[in-house]
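Heads up, the thing below is written out as structure tokens.
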Amino acid sequence: MTDSMDQVLQDCLELLGQGVPLGECIARYPEYAKELGPLLSTADVTQRELAQVLPTEVRNRVRARLMTEWARQHEPRRWRWSLPLSVPRWAAVAASLVVAIMGGGGGTVAAAGSAIPGDALYPVKEITAETRLWLTRSPEARVEWYSHLVKERVEELRSMTAKNRSNDMSTALRRLNRHLEGLDLLVQEEVGDQAAASSLVDEGLILELQDYVAQQQIAQDMIEDTLREAEDKAQPDLEDALGTISRARERVQMALEAARPSDS
Amino acid sequence: MQVDNRDESALVRAAQRGDREAFASLYEANVERIYRYVLARLAEPADAEDVTTEIFIRAMKALPSYKEKGVPFASWLYRIAHNEAVNYMKRRSRRGETSLLDTVAAHDDPANAALSQVSHSEVVRGMDTLTDLQREVLGLRFAGELSIKETAVAMNRSEQAVKFLQHSALRAMRRILVPQEGEPHD
């Protein structure tokens, strides 16, 4: 199998798509004729059989479910930053002030947003994120925030790899582990226990966790890509991150399946 | 229903702002090929319907974070579709379920099947024997009707790698669909 055969096959598939007859396509590449004929007829059959028509009733059913879900998703959301009664009012006010002051010094916080471990502004980014996590109390919103934090760490790892700053990776890895541990705990409390007691788990939380699983698959793909181009020194840390994210994703997936065993 | 790239960008932005009809239009523009792609992977129409629903719900939820700069909308949707199909197959295999096609297969005699009479189930069964990447390429190219470039973006591979996989997948399919023929010549 050669590079040129890959290209010739693709050229012929394009010609066929434009309505050029099979014989004419093959005639353009006489040296490949013996292999081209069988491959093109296989492609034709495969395409014909895979091009199944979507039944109208299926199209309408799926659309109806989606529109119901859209309405559910876009109804006014409950206040996500509500605090439980156990948090003293003074602490909530102080924390809000911290966030407000940091928000007020917008330039610094905004600049810190793209900081990576080792940068002078990185601690600002870290404190802002941790404060927001502390203020976020609804399980749904916390899952969403954890998902965001994991994505941030993956971006940092990619950025550090691109800049050959693998010495600072341990900071991102340590934080990544902390986010995933926090999420594990949340899943155990909100999904594990409730599932064991056969009580209903909040549908919104289930959807958020399912979204988390999908997002983490993308995060894994991104790290795999980064790994391919990383210098040797960075490889062990990236492999650690990959393993950690993958295991955490599987744990969430298992918890979801345990909570909804008949869900397909 | 097809929308051009400019219309699609406008629809995506409107849907991101919460426009329900814009999202419905994006659904209409993409559901046919997404369903075909999923059906090619899962074989069972009922499974394909459920997974197609899930894919669009995922897309709906993830829409606010979608950025046009990186990946075209269709390729982004196929990434979600790929993950959903793979997760579904894993769940199905963990539950020990088999596809109806496995049952059909036991009674088939592939040696008697001339290529012109090959059925949908034989093609899907043939796809089951391919590697993940080969299956993905055929699903995206022939069921999803993506171009080489779009397939490369959806799979996060180079166009050359996609052409190579397409070639190797078709060779493998030929061996499965026409077993009496043996290896095609290089």
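Residue numbering restarts at 1 for every chain, and letters A, B, ... go by the order of the sequence lines.
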Show the nearest heavy-atom pair for residues [X] and [Y], with the distance to one decimal.
X       : Y        : answer
B/Ala15 : A/Trp70  : O-CH2, 3.6 Å
B/Ala40 : A/Leu50  : CB-CD2, 3.6 Å
A/Thr46 : B/Phe142 : CG2-CD1, 3.9 Å
B/Val31 : A/Arg59  : CG1-NH1, 3.6 Å

Chain A contact via [X] - which portion, at a heavy-atom distance below 4.5 Å:
X        : result
B/Arg20  : both
B/Met173 : both
B/Tyr27  : side chain

If we define contacts as heavy-atom pairs under 4.5 Å, which of [options] has the most with chain B?
options                            : value
A/Gln47, A/Glu49, A/Met67          : A/Glu49
A/Ala214, A/Pro55, A/Ala43         : A/Ala43
A/Asp225, A/Leu9, A/Val58, A/Leu66 : A/Leu66

Just so I understand: if I count every heavy-atom pair under 4.5 Å between each of [options] and chain A, which residue has the most?
options                               : value
B/Leu39, B/Ile148, B/Val86            : B/Ile148
B/Ala62, B/Ala169, B/Ala143           : B/Ala143
B/Leu138, B/Val123, B/Ile80, B/Leu165 : B/Val123

Is the backbone of [Y] close enough, under 3.5 Å, to the side chain of [X] for a donor and an acceptor to pair up by distance?
X       : Y        : answer
B/Lys61 : A/Leu207 : yes
B/Glu32 : A/Leu54  : yes
A/Arg65 : B/Thr53  : no

With a 4.5 angstrom heavy-atom cut-off, which part of A/Leu13 approaches chain B: side chain, backbone, both or neither?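 For A/Leu13, the side chain is the part near chain B, not the backbone.
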Where does A/Glu14 contact chain B at under 4.5 Å (heavy atoms): side chain, backbone, both or neither?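 No part of A/Glu14 comes within 4.5 Å of chain B.
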Pairwise distance [atom1]([X]) to [atom2]([Y]) - rounded to 0.5 angstrom:
X        : Y        : atom1 : atom2 : result
B/Asn87  : A/Arg249 : CG    : CZ    : 6.0 Å
B/Ser147 : A/Gln10  : OG    : CD    : 8.5 Å
B/His167 : A/Glu35  : NE2   : CD    : 3.5 Å

Answer whether the closest heavy-atom distance between the side chains of [X] and [Y] falls below 4.5 Å.
X        : Y        : answer
B/Arg174 : A/Ser41  : yes
A/Arg63  : B/Glu28  : yes
B/Glu49  : A/Val62  : yes
B/Ile57  : A/Gln210 : no

Are a donor atom and an acceptor atom from the side chains of A/Thr42 and B/Arg171 found within less than 3.5 Å of each other?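 Judged by distance alone, the side chains do not pair up.
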Without hydrogens or angle criteria, can the side chains of A/Asp221 and B/Asn156 be said to hold a donor-acceptor pair below 3.5 Å?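 B/Asn156 and A/Asp221 do not have a side-chain donor-acceptor pair below 3.5 Å.
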